[in-house]
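Notes follow once the structure below has been shown.
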Amino acid sequence: MKALLEIDDLHVCYGKVEAVQGVSLHLDEGQIVSVIGPNGAGKSTLLAAAIGLLPSRGRIRFDGAPLDGAGVEDRVVLGLCLVPETRELFGEMSVLDNLLLGSYARRESRAVRTRQRDHVYERFPRLAERRSQRAETLSGGERQMPALGRALMSEPRVLMLDEPSLGLAPLIVEEILAIVRGLRDDGVAILLVEQNALAALESSDYGYVLEAGEVVLHGKSADLASDERVYESDLGGV
Ligand code: ATP
């Protein structure tokens with residue numbers, strides 16, 4: 001299978017603190033790959049570096065080409081996209097305007113944006129119903145949908161999700177993860193960062209366990225899900 005995102009020996013520092021210490025991972029076409037680990041393991045830092053929000057040492061390749069020197073917008077245009085843990089919706093803007101922001105980096109024509117919007121509404125019918133509602137009036141669980149929908153407006157080939165289950169009721173988590181699996185089946189490769197290890201492993205093909213900035217274990221998700229060591233480590237949600 002073709003590797004879409006290859007991260008090799010990545011190091012990310014906050015001043016003198018090295019939050020990511022030589023992480024290597026890869027995400028192939030057609031896969032969901034999960035990165036699990038406790039608070040402070042470096043998961044969000046890894047994603048922020050991959051999208052270009054933080055400087056890093058090491059190599060990141062997208063679809064075979066190095067991303068050296070590419071800014072966030074360049075990476076989005078190439079087909080890489082991040083849904084941050086904080087969702088980052090613009091509360092005073094409508095759901096629809098939040099969605100449209102997702103197609104901004106690619107400077108799409110109105111016709112393309114309309115097609116993308118209709119695709120998002122098909123996947124999230126509730127967003128169509130609430131398109132005129134201000135984003136700040138959505139409940140916590142409902143906010144994950146426009147955040148995901150906005151990311152899809154850039155038609156990513158690789159979607160990176162930072163803790164999509166955070167703060168959500170179990171039923172909503174299942175709904176979101178079902179949507180994520182549907183995206184994978186439609187050809188979007190997904191890097192899924194989660195503290196909820198079991199939910200992430202049940203929805204992914206391959207998994208990496210991160211602890212204190214390092215990969216301590218990796219393997220097929222089905223094997224990791226039955227690996228005692230995953231449960232011995234200090235993982236939340238297990
Ligand atoms: P969580 O699930 O709690 O978000 P995480 O695995 O995503 O955890 P990171 O948020 O990437 O972990 O944090 C990794 C380490 O880097 C932690 O020790 C954290 O305290 C530190 N860190 C994160 N952001 C900053 C920052 N802006 N400045 C300094 N240190 C930071």
Side-chain angles (χ1 to χ4, degrees), residues 25 27-39 41 43-44 46-47 81-89 95 98-99 102 119-131 133 135-153 156-210 217-228 230-231 233-238:
L25 63 81
L27 171 63
D28 291 346
E29 235 168 15
Q31 276 192 324
I32 298 178
V33 166
S34 54
V35 178
I36 56 181
N39 267 326
K43 305 181 301 296
S44 301
L46 175 70
L47 295 191
C81 194
L82 168 67
V83 180
E85 187 176 327
T86 46
R87 320 324 193 207
E88 301 292 346
L89 294 177
V95 165
N98 270 283
L99 290 182
H119 273 156
V120 170
Y121 284 166
E122 270 168 40
R123 211 176 281 280
F124 302 98
R126 251 181 283 160
L127 289 185
E129 288 162 23
R130 304 202 168 198
R131 60 184 173 272
Q133 197 171 324
E136 65 193 1
T137 63
L138 299 174
S139 70
E142 288 168 345
R143 280 179 204 182
Q144 187 57 242
M145 308 256 178
L148 253 175
R150 182 177 56 193
L152 295 179
M153 292 288 289
R157 295 175 68 197
V158 169
L159 186 57
M160 301 189 288
L161 303 177
D162 196 353
E163 307 234 11
S165 78
L166 193 75
L168 303 188
L171 265 180
I172 315 249
V173 171
E174 196 30 63
E175 195 181 336
I176 296 279
L177 290 176
I179 290 168
V180 171
R181 292 192 296 270
L183 289 171
R184 183 252 330 260
D185 298 342
D186 287 349
V188 184
I190 292 163
L191 193 60
L192 174 65
V193 156
E194 266 298 338
Q195 259 189 66
N196 186 337
L198 209 49
L201 291 174
E202 278 170 3
S203 287
S204 57
D205 303 290
Y206 200 87
Y208 293 82
V209 180
L210 205 61
L217 204 58
H218 62 98
K220 286 187 181 152
S221 297
D223 295 338
L224 284 182
S226 57
D227 190 323
E228 291 291 317
V230 171
Y231 306 99
S233 70
D234 179 28
L235 293 176
V238 181

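Index from 1, following the sequence. Everything numeric in this text was worked out from a predicted model, so none of it was measured.
For the pair Ile190 and Val180, the tightest heavy-atom approach, listed with the atom from each and the gap, is CD1-O, 3.4 Å. The two atoms that bring Leu148 and Val83 nearest to each other are CA-CG2, 4.3 Å, heavy atoms only. Taking all atoms of both residues into account, the shortest heavy-atom contact from Leu127 to Pro146 is CD2-CD, 3.6 Å. The minimum heavy-atom distance between Ala151 and Pro156, with the atom names listed, is O-CD, 3.4 Å.
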Check: Can you check side chain to side chain contact (heavy atoms under 4.5 Å, CB included) on Val188 and Arg157, steps first, answer last?
Finding: CA-CA 5 Å; Val188 184; Arg157 295 175 68 197; over 6 Å; no
Notebook entry, point to check: For Leu161 and Leu47, what are the C-alpha separation, side-chain angles and deciding distance, and is it a side chain to side chain contact (heavy atoms under 4.5 Å, CB included)?
Noted result: CA-CA 8 Å; Leu161 303 177; Leu47 295 191; over 6 Å; no
Next item on the list: Determine, stepwise, if the pair Tyr208 / Ile36 fulfils side chain to side chain contact (heavy atoms under 4.5 Å, CB included).
Entry: CA-CA 6 Å; Tyr208 293 82; Ile36 56 181; over 6 Å; no
Next item on the list: Check the pair Leu82, Leu159 against side chain to side chain contact (heavy atoms under 4.5 Å, CB included), reporting the backbone distance first and the verdict last.
Entry: CA-CA 6 Å; Leu82 168 67; Leu159 186 57; over 6 Å; no
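Partners of Glu85 under the side chain to side chain donor-acceptor pair (under 3.5 Å) rule, at least two apart in sequence or in another chain, are Ser44. A search for side-chain contact (heavy atoms from CB on, under 4.5 Å) contacts involving Asp223 returns Lys220, not counting sequence neighbours. The side chain to side chain donor-acceptor pair (under 3.5 Å) test applied to Glu136 returns Arg134, not counting sequence neighbours. Shown here are the side chain to side chain donor-acceptor pair (under 3.5 Å) partners of Tyr121, two or more places apart in sequence or in another chain: there are none. Annotation: side chain to side chain donor-acceptor pair (under 3.5 Å) contacts of Asp186 (sequence neighbours excluded): Arg123. For the side-chain contact (heavy atoms from CB on, under 4.5 Å) test, residues two or more places apart in sequence or in another chain that qualify with Arg143 are Arg87, Leu89, Leu138.
Atom NE2 in His119 sits 5.5 Å away from atom CD in Glu122 (nearest 0.5 Å). If you take CG on Leu198 and CG on Leu224, they are separated by 11.5 Å, rounding to the nearest 0.5 Å. Here the straight-line distance linking atom CG of Leu152 with atom CG of Leu99 works out to 9.5 Å at 0.5 Å rounding. Note that CG of Leu201 is 11.5 Å distant from CD1 of Ile32, once rounded to the nearest 0.5 Å. With values rounded to the nearest 0.5 angstrom, Met145 atom CE is found 15.0 Å from Asn98 atom CG. A distance of 11.5 Å separates OG in Ser34 from CG in Leu210, rounded to the nearest 0.5 Å.
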Distance-only check: which donor-acceptor pairs under 3.5 Å involve side-chain atoms of residues 170-178, not counting sequence neighbours?
unit_1: Glu174; atom_1: OE2; unit_2: Arg181; atom_2: NH2; d: 3.0
unit_1: Glu175; atom_1: OE1; unit_2: Arg126; atom_2: NH2; d: 3.3
unit_1: Glu175; atom_1: OE2; unit_2: Arg126; atom_2: NH2; d: 2.4

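Listed by first then second residue, pairs satisfying salt bridge (charged side-chain N to carboxylate O under 4.0 Å, His left out) with a partner in residues 192-210 read Arg184-Asp205, not counting sequence neighbours.
Of the possible polar contacts, none joining the Asp28 side chain to the Gln31 backbone as a donor-acceptor pair under 3.5 Å is found. Looking at Lys43, its side chain never comes within 3.5 Å of a backbone N or O of Glu163 through a donor-acceptor pair.
The aromatic rings of Tyr206 and His218 sit tilted relative to each other, their planes meeting at an angle between 30° and 60°.
Using a 4.5 Å cut-off on side-chain heavy atoms (C-beta onward), Leu192 and Val33 make no contact.
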